[in-house]
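What follows is one structure encoded as structure tokens, with my remarks underneath.
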Amino acid sequence: MKTALYAVVAALSAIFAPSAGAAEIKVIASNAVREPYRELVPIIEKSTGHKVTIDWGGTVDIVKRVAGGEIADIVIIPAARIDDFVAQGRLVSRVDLARSGVGVAVRAGALRPDISSAAALRSALLDAKSIVLSSGPSSVYLPTLFQKMGIADELKPKIIQIGPGLPVGETVARGEGEIGFTQMSELMSVKGIDYLGPLPAEVQFITVFSAGVHAAAPAPEAARALLKFLTAPEAAPVLKLHGMEPG
């Protein structure tokens, strides 16, 4: 992983020269992109001299904040929400950054259920004593999936839906739920859990995470430079290391 990151650093540093007018870029971003951006953002800071401050959160809370008038240079949340804010005039553009699927995890050392097919996943859900869901995009999709599987009523008493922005992985690691579902990128680096992998392809749900430059962005040019960096082909390997695909 470090070798791949060093290659990205070299490639991107060659593309982005230091800026004569370094700026502070404020970003409000979904937790889903936290892990890859923790690695990518320091590269652009070093390459351009810009300072990037990221306020991480859950989609529900970020939407409330932006709708309530909070201003940032860039907002990163699911694409449909970005489109809503563009239509409202709060954001001026949409840039697709990353595609993310739903992953599954259990507490480290626990029995690892088979999730290799939709039928196996159904059995694992019925056998589980408790199921942890986020309050993000996956939590909107999964109840619909449970309905399609015909097991929604059986699963309802088992479901633990945590609050907006709270981490599914850490909840499972503490033993507060037997099996957890959220964006793959939010599970792959968590200590204390065993990441089982993505949902089976036939029932997978992909969320596109996008960025919008705020209509009142204090540093719009620097914001656009950051988005150019995050969507450069050379950044794709870091996204993939964290279970995401370029948008």
Side-chain angles (χ1 to χ4, degrees), residues 1 30-36 56-61 77-81 98-209 239-247:
M1 184 171 178
S30 166
N31 289 323
V33 297
R34 184 199 299 250
E35 295 306 318
W56 303 105
T59 297
V60 173
D61 283 342
I77 47 178
R81 299 292 196 173
R99 295 166 54 84
S100 175
V102 180
V104 190
V106 295
R107 192 176 189 184
L111 180 67
R112 298 170 65 99
D114 181 8
I115 62 162
S116 60
S117 66
L121 176 65
R122 185 180 188 276
S123 296
L125 288 164
L126 289 171
D127 289 342
K129 293 182 175 64
S130 55
I131 300 163
V132 182
L133 303 184
S134 74
S135 291
S138 62
S139 70
V140 177
Y141 167 69
L142 286 166
T144 302
L145 175 62
F146 301 159
Q147 289 281 359
K148 290 180 178 179
M149 288 180 163
I151 55 176
D153 290 342
E154 291 94 326
L155 299 188
K156 188 175 181 179
K158 305 179 183 184
I159 291 176
I160 302 167
Q161 186 161 12
I162 58 178
L166 296 179
V168 168
E170 283 83 344
T171 301
V172 173
R174 292 193 298 267
E176 296 172 10
E178 185 175 323
I179 187 168
F181 297 80
T182 192
Q183 302 300 315
M184 294 163 56
S185 58
E186 296 185 55
L187 293 174
M188 294 176 66
S189 301
V190 177
K191 295 180 180 180
I193 64 172
D194 286 336
Y195 174 61
L196 303 181
L199 289 179
E202 63 266 37
V203 294
Q204 181 58 277
F205 178 75
I206 302 298
T207 300
V208 177
F209 286 90
L239 290 174
K240 293 179 179 180
L241 285 170
H242 292 281
M244 306 185 91
E245 293 291 331

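It should be emphasised that the depicted structure is a prediction, and the values quoted were computed from it without experimental measurement. Computed from heavy atoms alone, side chains included, the values below leave out hydrogens, waters and symmetry copies.
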Between atom CZ of F181 and atom CD1 of I179, what is the distance when rounded to the nearest 0.5 Å? 4.0 Å
Shortest non-hydrogen contact from G165 to N31? O-ND2, 3.3 Å
Spacing of CZ belonging to R34 relative to CD belonging to Q183, to within rounding of 0.5 Å: 13.5 Å
Report yes or no: does D194 contribute a side-chain atom to a donor-acceptor pair with the main-chain N or O of G109 at less than 3.5 Å? yes
Smallest heavy-atom separation, E176 atom then V132 atom, equals O-CG2, 4.4 Å
Distance check, rounded to the nearest 0.5 Å: L145 atom CG versus L121 atom CG? 6.5 Å
Measure the CD-CE distance between E35 and M184 for me, rounded to the nearest 0.5 Å. 13.5 Å
Are the side chains of S123 and D114 in contact, using a 4.5 Å heavy-atom criterion? no
Hey, is the main chain of A118 close enough, under 3.5 Å, to the side chain of E202 for a donor-acceptor pair? yes
L125 vs M149 side-chain heavy atoms within contact, under 4.5 Å: yes
Smallest heavy-atom separation, Y195 atom then G103 atom, equals CE1-CA, 4.0 Å
Within-4.5 Å side-chain heavy-atom neighbours: K240 and P246: yes
Apply side-chain contact (heavy atoms from CB on, under 4.5 Å) to residues V203 and Y141 and explain how you reach the verdict. CA-CA 10 Å; V203 294; Y141 167 69; 3.9 Å; yes
dist L126:CG -> L155:CG (nearest 0.5 Å) comes out at 6.0 Å
Please round to the nearest 0.5 Å and tell me the distance separating atom CG of L142 and atom OG of S134. 8.0 Å
R99, CZ atom: more than 12 neighbouring heavy atoms under 6.0 Å: no
Would the distance check show the side chain of S30 and the main-chain N or O of T59 forming a donor-acceptor pair, the cut-off being under 3.5 Å? no
Hey, is the main chain of V106 close enough, under 3.5 Å, to the side chain of E178 for a donor-acceptor pair? no
Please identify which of these residues, T182, L133, V168, meets the side chain to side chain contact (heavy atoms under 4.5 Å, CB included) condition with S138. T182
If every non-hydrogen atom of M244 is compared with every non-hydrogen atom of V33, which pair is closest and at what distance? CE-CG1, 4.0 Å
Quick one: are L199 and I115 in side-chain contact, heavy atoms under 4.5 Å? no
Polar side-chain atom of S135 near backbone of I162 as donor-acceptor pair, under 3.5 Å: yes
So do the side chains of L239 and E245 get within less than 4.5 Å of each other, counting heavy atoms only? no
